[in-house]
Amino acid sequence: MTTSARQRLIFALDVDEFSQAEAWVRQLQENVGLFKIGKQLFTKCGPEVVQMVRQRGGEVFLDLKYHDIPNTVAKAAVEACKLGVKMFNVHALGGPEMMRKTVEEVDAYCAKSGIERPIMLAVTILTSSTEETLRAVGIDRPVTEMVPRLAKLARDAGFDGVVASPKEVSLIRAACGEDFQIVTPGVRPAFAALDDQKRVTTPAEAISAGATALVVGRPISAASDPLAAAGKILAEIEAALPG
Ligand code: C5P
């Protein structure tokens, strides 16, 4: 894969104001290839915030974690394609039919419109879920079994990869092979505070373990020089890439 280090650094736009989102894109764009827009910012600002990032030359990871009946998720995914996002995600717990139908409709739409298919990712088990959480909803399997199982379902449905904790990367690599993308949050460079993240790895460790791209928020946003912090993370990514 020839993805540049800049395309592997995803900044989490964890703000709720359009103007703040715009200021971050303007400030970080030189070192950051993708900007993650999640439920809070999207619910507040809507598709215009996606357009703003793209107009400023950035790419968007639309982190809305779709989970619904197959037809509804497939239609929402096609709308995400129309917005021109580079990457979006669904919950693998929505099941194989939901994921297959989404791949089918996205592929059909992209072929018809002559656009590149966005990178389609699945969330396996949220890292906020413990074995206790799973038992409460009737899943008796350990997280270490559920994560590769759901990752394989996503791969078999035609998804490009998963969002996962850096600690799960090797498990997923072993189950899904080398071409599967693994996007990891919970990354902390040596210079940053842990914040509320508990199980973290450095950017270099995550890339060396096989992560494809990293989602980073506060280590950049809370730094005294955010652009320089992003630059340091890029250098770490670059140094850890094979070859
Ligand atoms: O500030 P920080 O680098 O911790 O931000 C990480 C981003 O990744 C946030 O948007 C957070 O919601 C998201 N995320 C995470 N852990 C997960 C899934 C998503 O930190 N397991």
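Both counts, for ligands and for their atoms, begin at 1 and track the order of listing.
- Heavy-atom separations between S165 and ligand 1 are all 4.0 Å or longer.
- Ranking the protein heavy atoms by distance from atom 9 (C) of ligand 1 puts D14 OD2, 3.2 Å first.
- Looking at D160, its side chain does come within 3.5 Å of a backbone N or O of M120 through a donor-acceptor pair.
- Near P219, the atoms of ligand 1 lying under 4.0 angstrom from a non-hydrogen atom of the residue are 3 (O).
- Here's the thing with K36: one of its N/O atoms is less than 3.5 angstrom from an N/O atom of ligand 1.
- Under a 4.0 Å N-O distance rule, the pair D195/R188 qualifies as a salt bridge.
- Given atom 3 (O) of ligand 1, the protein heavy atom at minimum distance is G217 N, 2.8 Å.
- What sits closest to atom 21 (N) of ligand 1 on the protein, heavy atoms only, is T127 OG1, 2.2 Å.
- Taking each heavy atom of P203 and E236 in turn, the nearest pair found is CD-OE1, 3.3 Å.
- Ionic pairing of D68 and K75 is not present here: no N-O contact between side-chain nitrogen and carboxylate oxygen is shorter than 4.0 angstrom.
- In this structure, D63 and N89 approach most closely via the heavy-atom pair OD1-ND2, 2.7 Å.
- Ranking the protein heavy atoms by distance from atom 2 (P) of ligand 1 puts R188 NH2, 3.5 Å first.
- The residues K82 and E79 are annotated as salt-bridged, a charged nitrogen and a carboxylate oxygen being separated by less than 4.0 angstrom.
- The N/O atoms of R218, backbone and side chain alike, include one that comes under 3.5 Å of an N/O atom in ligand 1.
- Set against the non-hydrogen atoms of A12, the atoms of ligand 1 under 4.0 Å away are 7 (C), 10 (O).
- Scanning all protein heavy atoms for the shortest distance to atom 15 (C) of ligand 1 gives P185 CB, 3.5 Å.
- Of all the heavy atoms of S221, none lies under 4.0 Å from any atom of ligand 1, so neither backbone nor side chain is involved.
- Contacts between V216 and ligand 1, counted as non-hydrogen atom pairs separated by less than 4.0 Å, involve the backbone only.
- For the side chain to side chain contact (heavy atoms under 4.5 Å, CB included) with I37, the qualifying choice from V85, L83, V53 is V53, the only one to do so.
- Under a 4.0 angstrom heavy-atom cut-off, V215 registers as being in contact with ligand 1.
- Using the six-membered ring where Trp is involved, H67 and H91 have ring planes that are tilted, between 30° and 60° apart.
- For E168 (side chain) and V147 (main-chain N/O), no donor-acceptor pair under 3.5 Å exists by modelled atom type.
- Looking at atom 20 (O) of ligand 1, its nearest protein heavy atom turns out to be Q197 NE2, 2.8 Å.
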